[in-house]
Amino acid sequence: MQNFEVAWIFHELADLLEFKGEDFFKIRAYRNAARVLACLEEPLEEIWKRGELAKIPGIGKNIAAKINEVLATGHLKKHEELLQEIPPGLLEIMSLPGIGPKRAGLIYRKLGVASLEELARAAREGRVRSLPGMGSKTESDIIRNIEMREDRAGRVLLATARELAGELAGFLKILPGVSRVEAGGSLRRWQETVGDIDLVVAASEPEPVIQAAVAHPRVREITERSGNRFRFQTQWGISVDLEIVPEELFVQALFRSTGSKAHYRKIQGMLAGRGKHVESDFAGRAGKTFEEADIYASLDLPFIPPELREDRGEVEAALQGRLPRLVELKDIKGDLHIHTTWSDGLGTVEQMAARAREKGYQYIAVTDHSQSLKIARGLSLNMLREQHRAIRSLNEQNGDFRILTGIEVDILPKGGLDCPDELLKEADLVVASVHSAFKQDRETMTARIISAVENRNVDIIGHLTGRLIGQREEYALDLERVLEAAASCGTILEINSSPDRLDLNDINARKAREKGIKMAISTDAHDLKRMDEMLYGVSVARRAWLEPGDILNTMDIDELLQFLRKR
DNA sequence: GCCGTTTTCGGCCCGACTGTTTTCAGTCG
């Protein structure tokens, strides 16, 4: 069992207990445990075998016993019992924005509604507004949010899909007779969500591959099968399409699988114009193998990276020799949005810095939350001063690595920042973000954010649109005006690498680039593990056609400090 | 539930917003 699978049980347990109206602190303890377990770097089973579960911070005697039960039996009795008692659909209802345990309970008791589907129907029929405390606005919010969820039904976050794809590909690769395995499709193009995983396998014989795949613990059943293609359902609810081809056809199969359809068709058309075909002209044979670059080269085109293959002008740019030199993970020299134990992070400043060093970074910026964000233990002004003193003294000890003093300052509902300008001025780097009053109207929200963009002390605007993929829509915002303001003030916009944020997204980041706005790719990490998510931010930047020069944190430390001073 | 200790209980979490009301409960970050 993977750590996050154990964590998930406690996460769900907390939701179930919340529905039952259990003690707040007990629920918080379970939530905290789920978070800590999901962030562990060592496999939980190892810690368990050493008998050191209760040594994990946030895990006491009781939760340790429950983890023991989960690892020994594969499930948790208390969790299963609650699932029997409470319809699982209620948890989904509770996860809708604006609906918590009380309202879900009310909806269940008064309307007999226990699933999203039933709730959508009840809302459309105007039955929800009859409940105390709920009116027509709540009703239309419910409908909108359920529709948003339906839109992405069956789609999963890129990071989740990549994890599963990596595990399956690693497994298939070592089978006898298998020479190459790669994921194609939207996953290879690094789309923010994917509908299913496409794996292309080069193997001498398809049958042994499929037999082995079916035996993999993550695989539930084969759902379709035609020729050399197999579709199966996994334990994670993600479908996998497996295409098994002889090695000489691997590259063309991968190329086709990668798509996008529009890009593929365009290339196909251009090849046809030269009397060529992907299928017949790029099948390898004895002494001759092809790579994707050969397909492009036959059209006198440079290799087009999968992230660009969306038919958004990449073929035309390639024809004119104007393809960007896309930013790469190795261009990144530091992380400019990091939380620590001073606010709601799980790692200390020293730990986060040490990890950054291991990654080969030259710097990080410690940007803990500001005073108003109470739930995240936002730092009081005095604590902030104290933290910055502590960081300066740390910097004196390690000469070749720089920790920037910073803050993620809240952009307050009425505009203005949650920290006086004198203090912001002293910090090396200021990220300003919205964490409250998401439902303001477009005009108010736009003015609010522009007030931060125009503040001379603000360097970067964090997660600009506030969306959480599949969970929360972006707030109402005149993006065009915000971009204009950022361009004219030289304010930097963040590409937040969190797999459920990816905010700015590819489209908006490309717009920003066209306006000459610089961007910072940051993880917003709250623990060591999530510092690894930088690659997802980089993938957004690549899909947005960004080059190293567009990105603030590709700068060396000296260049960065000079740049920040001049702003 | 966990944690820490002033060592076995008391503290941990709080203010603002929203949609509904007409004074506030529920939700959120």
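Residue numbers begin at 1 in each chain, while the letters A, B, ... track the order of the sequences.
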Contact class for [X] (heavy atom, under 4.0 Å): base, sugar-phosphate, or nothing?
X         : answer
Ser436(A) : nothing
Pro57(A)  : sugar-phosphate
Leu96(A)  : sugar-phosphate
Ile59(A)  : sugar-phosphate
Ser140(A) : nothing

Of the candidate nucleotides [options], which contains the atom at the shortest distance from the side chain of [X]?
X         : options                   : value
Ile63(A)  : dG1(B), dG29(B), dT18(B)  : dG1(B)
Pro101(A) : dT27(B), dT18(B), dC2(B)  : dT27(B)
Lys78(A)  : dG1(B), dT18(B), dG19(B)  : dG1(B)
Lys439(A) : dG1(B), dT27(B), dT18(B)  : dT18(B)
Pro413(A) : dG29(B), dC17(B), dG19(B) : dC17(B)
Ala437(A) : dT18(B), dT20(B), dG1(B)  : dT18(B)
Leu373(A) : dG19(B), dG29(B), dT27(B) : dG29(B)

Return the value, rounded to whole Å, for the distance between atom [atom1] of [X] and atom [atom2] of [N].
X         : N       : atom1 : atom2 : value
His435(A) : dC14(B) : NE2   : P     : 20 Å
Ile107(A) : dA25(B) : CD1   : P     : 19 Å
Lys66(A)  : dG1(B)  : NZ    : C1'   : 8 Å
Arg129(A) : dT20(B) : CZ    : P     : 9 Å
Arg35(A)  : dC2(B)  : CZ    : P     : 17 Å
Gln471(A) : dT27(B) : CD    : P     : 17 Å
Arg448(A) : dA16(B) : CZ    : P     : 13 Å
Leu131(A) : dG19(B) : CG    : P     : 17 Å

- With a 4.5 Å limit on heavy-atom distance, are the side chains of Leu546(A) and Ile495(A) in contact? yes
- Task: Kindly indicate whether the side chain of Glu408(A), heavy atoms from C-beta on, has any atom under 4.5 Å from the side chain of Leu373(A).
- Result: no
Nearest-Å distance once atom [atom1] is located in both [N] and [M]:
N       : M       : atom1 : value
dG15(B) : dG10(B) : C1'   : 24 Å
dC12(B) : dC17(B) : P     : 25 Å
dT20(B) : dC13(B) : P     : 32 Å
dT23(B) : dG29(B) : P     : 29 Å
dC9(B)  : dA16(B) : C1'   : 33 Å
dT21(B) : dT27(B) : P     : 15 Å
dG1(B)  : dT5(B)  : P     : 23 Å

- Message: Would you say that more than 12 heavy atoms from the other residues, nucleotides or ligands in this model lie under 6.0 Å from the NZ of Lys110(A), or not?
- Response: no
- Message: Strictly distance-based, threshold 3.5 Å: is any side-chain N or O of Asn3(A) a donor or acceptor partner for the main-chain N or O of Glu42(A)?
- Response: yes
- Tell me which of Ser136(A) and Lys414(A) sits closer to the 5' end of DNA chain B, going by the nucleotide each one is nearest to. Lys414(A)
- Please determine which of Arg501(A), Arg162(A), Arg543(A), Arg467(A) meets the salt bridge (Lys or Arg N to Asp or Glu O under 4.0 Å) test together with Glu192(A). Arg467(A)
- Is the distance from OP1 or OP2 of dC2(B) to the nearest side-chain N or O of Asn62(A) less than 4.0 Å? yes
- Task: Check whether any side-chain N or O of Ser372(A) sits under 4.0 Å from OP1 or OP2 of dA16(B), and answer yes or no.
- Result: no
- Electrostatic pair Lys359(A)-Asp335(A), nearest N-O below 4.0 angstrom: no
Please produce a list of atom pairs where a protein N or O lies less than 3.5 Å from an N or O of nucleotides 9-13 of chain B.
unit_1  : atom_1 : unit_2   : atom_2 : d
dC12(B) : O2     : Arg28(A) : NH2    : 3.4
dC13(B) : OP1    : Arg28(A) : NH1    : 3.3

Ignoring hydrogens and angles, state whether a donor on the side chain of [X] or [Y] is under 3.5 Å from an acceptor on the partner side chain.
X         : Y         : value
Glu494(A) : His337(A) : yes
Ser372(A) : Asp418(A) : yes
Arg149(A) : Ser95(A)  : yes
Asn32(A)  : Arg35(A)  : no

- Base-pairing mate for dC9(B) - Watson-Crick or G-U, with both contacts under 3.5 Å: dG4(B)
